[in-house]
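Data first, discussion second: the structure below is written as structure tokens.
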2 protein chains.
Amino acid sequence: MVNTKGGFLVEDGKEVDEDMRRKEKERERQRAVQSLEPPIFLESERNPKCQECGTVDIDQTYRKVFGCLVCNKCKNEKPERYSLLTKTECKEDYLLTDAELRDQELMPHLLKANPHKSTFANMMLFLRCQVEEFAWKKWGSSEALDAEWERRMAEKKKKKNKKFEEGLRELRRRTRETVWQRRKDEEHKHVFGVTEKGANGMGKQVCHECGFTIEVEEF
Amino acid sequence: MVNTKGGFLVEDGKEVDEDMRRKEKERERQRAVQSLEPPIFLESERNPKCQECGTVDIDQTYRKVFGCLVCNKCKNEKPERYSLLTKTECKEDYLLTDAELRDQELMPHLLKANPHKSTFANMMLFLRCQVEEFAWKKWGSSEALDAEWERRMAEKKKKKNKKFEEGLRELRRRTRETVWQRRKDEEHKHVFGVTEKGANGMGKQVCHECGFTIEVEEF
DNA sequence: GCTATTCTAAGACAC
DNA sequence: GCTATTAGAGGGAAC
């Protein structure tokens, strides 16, 4: 419980702004680190070449962050290998976990400002070919991964259906109960008056509400 | 960090004994509560009757704890309805969760001293027919429950197999590596001495270990 | 026999 | 788009 506002709940715009600026700077600093200290170093003094076309004009960011030697042109022409995936996409499409994606050594990733808001947590971008390699090793094969993905989809669908059915059943149950209750409420209960003398000499009782008459032995 | 032993790490038998006694008493107290305040009250002033055979000689514990009217004889003759299950059995056999079993209102249970040790957590005993009713409602039907149980069994088996296969593969990999390493180790590395003058006027170098000789340009 | 811990998954929410 | 939270599941350890 830290509150330095002397008991007042002030939330003036200036303070909020400052807080935002602070957060924004922090995110920026985190991103900057990756440029200063690339996790992968290349020993060779020669100029590295694009592994696709051999040009020396390779993408330095890809080299530093992913240890991947590729030029801009090849990168754009082969998105099935060199496009970037957000962490969320990696989790959804390749069924990787938080822990696996968190580790920079295990799964290199490039930090970018969050497109929604610069104060939000940085976006983490992974190289598709590295993600695929890792995922296929993790799940056994590309097909096994697909199978697991389908399995989870089916599971989810089943759950949704079940919930829906349950809701329906519950609704029916309550409707039935309500109908039953109404019937019970509507069911007429005779309200008989005092015993009178009937035409045949027997006693009779008449319902005040519907006129229904019963014969009774005594009156 | 509570340590009232003045810096010394004493663990004399007397103290341990006292601690045990305290725990034992606590467990006993917990169990006693259920006898004092049965969660279910019966309104009728008449003597309740066994729902199986009609005798008035019903089991009072079953009545108080489970709200179940049954005599000792019937209880023992129909274990498929009246036998008791531990919490662990309920979880394993009927796939109920901790939260569901914890609630005395939802799932009445009888506390008994832990058979392993009286200082251990009390044993929680549930009435089979109540557990079955709840579980079947939860899973949809008796068959659906069985199906889910089989599904989990299969899942577990699959996981175990996968792990085993993985282990085997890993072993093979390491064995191969070891073999490869050994070969590499056994592979002879020539250790040449100083350059001598050869018969043909060229320089020569001889391996100390196997005598293999190479010619060199200069010496 | 039970609980505490760890890991995973998923929907909701704030960032 | 990410993280914090919640709930469930499973294997092992201490009670």
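Numbers restart at 1 for each chain; the letters A, B, ... are given by sequence-line order, proteins then strands.
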Would you measure the distance from the P atom in C:dT6 across to the matching atom in D:dC15 and give it in whole Å? 16 Å
Over how many whole Å does the gap from B:W149 atom CH2 to D:dA9 atom P extend? 15 Å
Does some side-chain heavy atom of A:L111 sit less than 4.5 Å from a side-chain heavy atom of A:R27? no
Please pick, from D:dG1, D:dC15, C:dC2, the nucleotide with the shortest atom-to-atom distance to any side-chain atom of B:F120. D:dC15
D:dG12 and C:dA9, which share atom name C1', separated by this distance in whole Å: 22 Å
Distance-only check: which donor-acceptor pairs under 3.5 Å involve side-chain atoms of residues 140-147 of chain A, not counting sequence neighbours?
| residue | atom | partner | partner atom | Å |
| --- | --- | --- | --- | --- |
| A:S141 | OG | A:E143 | N | 3.4 |
| A:S141 | OG | A:E143 | OE1 | 3.4 |
| A:S141 | OG | A:A144 | N | 3.0 |

When you compare the protein's N or O atoms with those of nucleotides 3-8 of chain D, which come within less than 3.5 Å of each other, and at what distance?
| residue | atom | partner | partner atom | Å |
| --- | --- | --- | --- | --- |
| D:dT3 | OP2 | A:K87 | NZ | 2.7 |

Using whole Å, what does the distance between atom P of nucleotide D:dG1 and atom CG of A:D93 come to? 12 Å
Can you tell me the distance, in whole Å, between the CE atom of A:M153 and the C1' atom of C:dA10? 13 Å
Note: B:R151-B:E148 ion pair, threshold 4.0 Å (strictly below): yes
Do side-chain atoms of B:D59 reach the backbone of B:V70 as a donor and acceptor pair under 3.5 angstrom? no
Rounded to whole Å, the CD-P distance (B:E92 to C:dG1) equals 9 Å
Which sits closer to the 5' end of DNA chain D, B:E148 or B:T119, going by the nucleotide each is nearest to? B:E148
